[in-house]
Peer 1: 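Sending over a structure as structure tokens; questions will come in a sec.
We count residues from 1, following the sequence as given.
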Amino acid sequence: MGNVQPGSWQFYVEARAMRVKQITVKGLFGSFDHTIALNMEDRITILHGLNGVGKTTLLSMIDAFFNKRFDELLYIDFSELLIDFDSSQFISIKVKSLRQGSPVLNKYQVKVGEFFFSDIDSEVYEYSLSIPKQARKKHLSNVLKPSETIEIPTELSLGILSGELMDFLVKSDREEEFSCGFAMETDIPAWLSHVTDSVDIHFIQYQRLLLDKSIAERKSFSSFNGEDFQNSIELYSKHLAGCIKDNLAHYGELSNRLDSSFPARVLEKSSSQELSEESLRSRVQELEKWREKLITNGLIKPDTETQFQLNLDESMDSGTKKVLSVYLEDVEKKLNVFDNIHEKINLFKEIINQKLLKKSMTVDPDKGLVFHTEAGHELMPIDLSSGEQHEIIMLYELLFNLKSNSLVLLDEPEISLHMAWKVEFLEDLVQIVKLSKIDVMIATHSASLIHDRWDLTVGLKG
């Protein structure tokens, strides 16, 4: 952390990942004020309310801010967004529309966002950003630099700042100029970047059966087949296979290190460090069961680790006990490489296979997720029903590719789900949250999904 001192905003932001404690939005759509206190202990917060009160918009605002897409945030109609953290710090974004300066700016409003961050010592850091209200941006890769001059047709009521439209604007016969104070990510002050980076945000949108390239790359799913859109489950299968491959590589590296030093460590081990015969036998049985579970969950192949060959009825001399003690310690260290991913795969398979009708899901080290009919025929992901795909996608995103203390934004999880699945969803989610140690904010219209957990809800009033 270099010269960062305790008491400074950098110290508190860099020292730990913060959790969002409360979110307040004022003047949403010019009409609504909402305050959402997150359930910090249960780690699940459910937003419900009438259509039009801004549930999905709130999730989009949080996602846009923490992922530095400030232009998207400022195109939403609101006056202030206030985010309180569990560290007693807060960030406030206030927005106002201005007409100023040039003839074009008299015709085209500019939205100004003012960012205020209060650190532990109540010292306030400020930053402002202005963008043309009409110049809406569709493609995230096409970003205007600060004070870059562009030309725009005077009667244009809604622009998409894609490369194609920019070409059209520059070549237009009817042109006027204005200065666009749009900030690139590199222009964001360090303190603001630290704040946005302090919370890992993961947005699971209501349209989730297909992923486009920009969203997939944002979520670090990069195994695209060259098309603009790809089936989410196919993408996640490749992602999971990649995760398993990484774990196997770590397993291989650790195995090589331990195997090369095995003879020396056997010689160094004293008789007092040997395990008893009873302990050794028990440990052999435990590790063999653990190894079989890893094989069943697709993490290692049967020939990856030699099965323990030991006659447990024979007595062991001191030399045997010494060698076996070191060997079992090594095996345990090797298999522990898979602890985290194994628990997640195990829970994932358990939940999904309880729900699939006359189908089953397995995990293969090379293929990732594999689906079969009751008769044993392999299925493509697109052969699954819409509800089955939605369930698999949501649970996969909630379990994998997330950091501890991430805030997951989940929009309308009830889509395409059977009534029984809706009722069971929160029970499944509680297990996932406990395992992954994440926070989840849900926007829903479904009372069935909430079921008997109204204690987790925050009602957004119209």
Side-chain angles (χ1 to χ4, degrees), residues 17 43 200 202 204 208 211 216-223 232-258 286-307 328-356 360-372 381 389 391-408 410 428-440:
R43 308 192 76 150
D200 187 52
H202 199 80
I204 307 175
R208 42 187 168 260
L211 280 183
E217 288 170 358
R218 204 182 304 158
K219 294 182 176 183
S220 301
F221 296 124
S222 56
S223 303
S232 297
I233 297 179
E234 291 180 356
L235 202 61
Y236 296 166
S237 292
K238 294 175 184 177
H239 177 262
L240 183 57
C243 291
I244 295 173
K245 183 178 180 181
D246 290 342
N247 277 265
L248 285 170
H250 184 195
Y251 173 89
E253 291 171 4
L254 180 60
S255 295
N256 289 335
R257 290 202 305 270
L258 291 174
E286 289 173 3
L287 287 174
E288 183 57 31
K289 288 178 183 178
W290 180 233
R291 176 182 167 276
E292 290 297 331
K293 286 180 180 178
L294 293 176
I295 292 172
T296 301
N297 283 330
L299 286 168
I300 59 174
K301 295 179 180 179
D303 57 350
T304 301
E305 181 70 51
T306 304
Q307 187 172 0
L328 292 179
E329 287 171 5
D330 286 2
V331 171
E332 188 170 17
K333 289 175 184 176
K334 294 175 187 178
L335 297 185
N336 282 346
V337 167
F338 302 102
D339 274 2
N340 185 264
I341 192 171
H342 170 262
E343 288 184 297
K344 293 181 177 182
I345 289 176
N346 200 52
L347 180 57
F348 185 45
K349 285 177 55 184
E350 181 182 319
I351 294 173
I352 293 299
N353 284 324
Q354 285 176 352
K355 291 178 168 57
L356 293 180
S360 63
M361 182 188 76
T362 58
V363 173
D364 181 88
D366 300 315
K367 297 180 180 179
L369 302 176
V370 182
F371 303 92
H372 289 94
Q389 290 186 60
E391 183 83 0
I392 291 165
I393 290 165
M394 286 189 294
L395 296 186
Y396 187 90
E397 293 218 32
L398 286 163
L399 277 165
F400 301 96
N401 207 39
L402 292 176
K403 300 175 183 176
S404 180
N405 287 325
S406 292
L407 174 57
V408 180
L410 178 52
D428 299 334
L429 184 58
V430 166
Q431 295 184 71
I432 291 171
V433 165
K434 184 177 180 180
L435 175 62
S436 298
K437 296 178 176 59
I438 57 174
D439 294 294
V440 183

Peer 1: Is H372 close to T362 at the side-chain level, that is, under 4.5 Å between some pair of heavy atoms?
Peer 2: yes
Peer 1: Looking only at heavy atoms, what is the nearest atom pair of S436 and K344, with distance?
Peer 2: OG-CE, 3.9 Å
Peer 1: First locate atom CG of N353, then atom OG of S360, and finally report the distance between them rounded to the nearest 0.5 Å.
Peer 2: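 Result: 6.0 Å between the selected atoms.
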Peer 1: Identify whether the distance between the nearest side-chain nitrogen and carboxylate oxygen of E288 and R291 falls below 4.0 Å.
Peer 2: yes
Peer 1: To the nearest 0.5 Å, how far apart are OG in S232 and CD1 in I392?
Peer 2: 11.0 Å
Peer 1: For the CG atom of L407 and the CG atom of L402, what is their distance to the nearest 0.5 Å?
Peer 2: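 Reported to 0.5 Å precision, the distance equals 10.5 Å.
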Peer 1: Only one of D428, L435, I393, I204 clears side chain to side chain contact (heavy atoms under 4.5 Å, CB included) with L398; which?
Peer 2: I204
Peer 1: What I'd like to find out is whether the side chain of R43 reaches to under 4.5 Å of the side chain of K434, using heavy atoms alone.
Peer 2: no
Peer 1: Tell me, do V363 and N297 make a side-chain contact under 4.5 Å, heavy atoms counted?
Peer 2: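 V363 does not reach N297 side chain to side chain.
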Peer 1: How long is the span from the NZ atom in K334 to the CG atom in L287, to the nearest 0.5 Å?
Peer 2: 11.5 Å
Peer 1: As a quick check of understanding, evaluate side-chain contact (heavy atoms from CB on, under 4.5 Å) for L235 and H239, giving each step before the final call.
Peer 2: CA-CA 6 Å; L235 202 61; H239 177 262; over 6 Å; no
Peer 1: Taking the six-membered ring for Trp, are Y236 and F400 ring centroids under 6.0 Å apart?
Peer 2: no
Peer 1: Can you tell if the side chain of L299 reaches within under 4.5 Å of the side chain of N247, non-hydrogen atoms only?
Peer 2: no
Peer 1: What pair of heavy atoms forms the shortest contact from G368 to A241, and how long is it?
Peer 2: N-CB, 3.9 Å
Peer 1: Run the numbers on L254 and R257 for side-chain contact (heavy atoms from CB on, under 4.5 Å), then give the verdict.
Peer 2: CA-CA 5 Å; L254 180 60; R257 290 202 305 270; 3.4 Å; yes
Peer 1: Check whether any side-chain heavy atom of E332 lies under 4.5 Å from a side-chain heavy atom of N336, and answer yes or no.
Peer 2: yes
Peer 1: Do the side chains of N346 and E343 get nearer than 4.5 Å, heavy atoms only?
Peer 2: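 Side chain of E343 against side chain of N346, heavy atoms only: no contact under 4.5 Å found.
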Peer 1: About how many Å separate OH of Y251 and CG of N256, when rounded to the nearest 0.5 Å?
Peer 2: 10.5 Å
Peer 1: State, yes or no, whether a side-chain contact exists between H202 and I438 at a heavy-atom distance under 4.5 Å.
Peer 2: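 H202 does not reach I438 side chain to side chain.
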Peer 1: Between I345 and L399, does a side-chain contact (heavy atoms from CB on, under 4.5 Å) hold up when you go through it step by step?
Peer 2: CA-CA 8 Å; I345 289 176; L399 277 165; over 6 Å; no
Peer 1: Any chance you could measure K355, atom NZ, to M361, atom CE, to the nearest 0.5 Å?
Peer 2: 11.5 Å
Peer 1: Minimum heavy-atom separation for M394 to L410, with atom names?
Peer 2: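 Distance-wise, the nearest heavy atoms are SD-CD1, 3.9 Å.
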Peer 1: Which pair of heavy atoms, one from I351 and one from E391, lies closest together, and at what distance?
Peer 2: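 The pair with the smallest heavy-atom distance is CG2-OE2, 4.4 Å.
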Peer 1: Other residues, nucleotides and ligands only: do more than 12 of their heavy atoms fall within 6.0 Å of NZ on K293?
Peer 2: no
Peer 1: Indicate yes or no: at least one non-hydrogen side-chain atom of I432 is less than 4.5 angstrom from one of F348.
Peer 2: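 Answer no - side chains too far apart.
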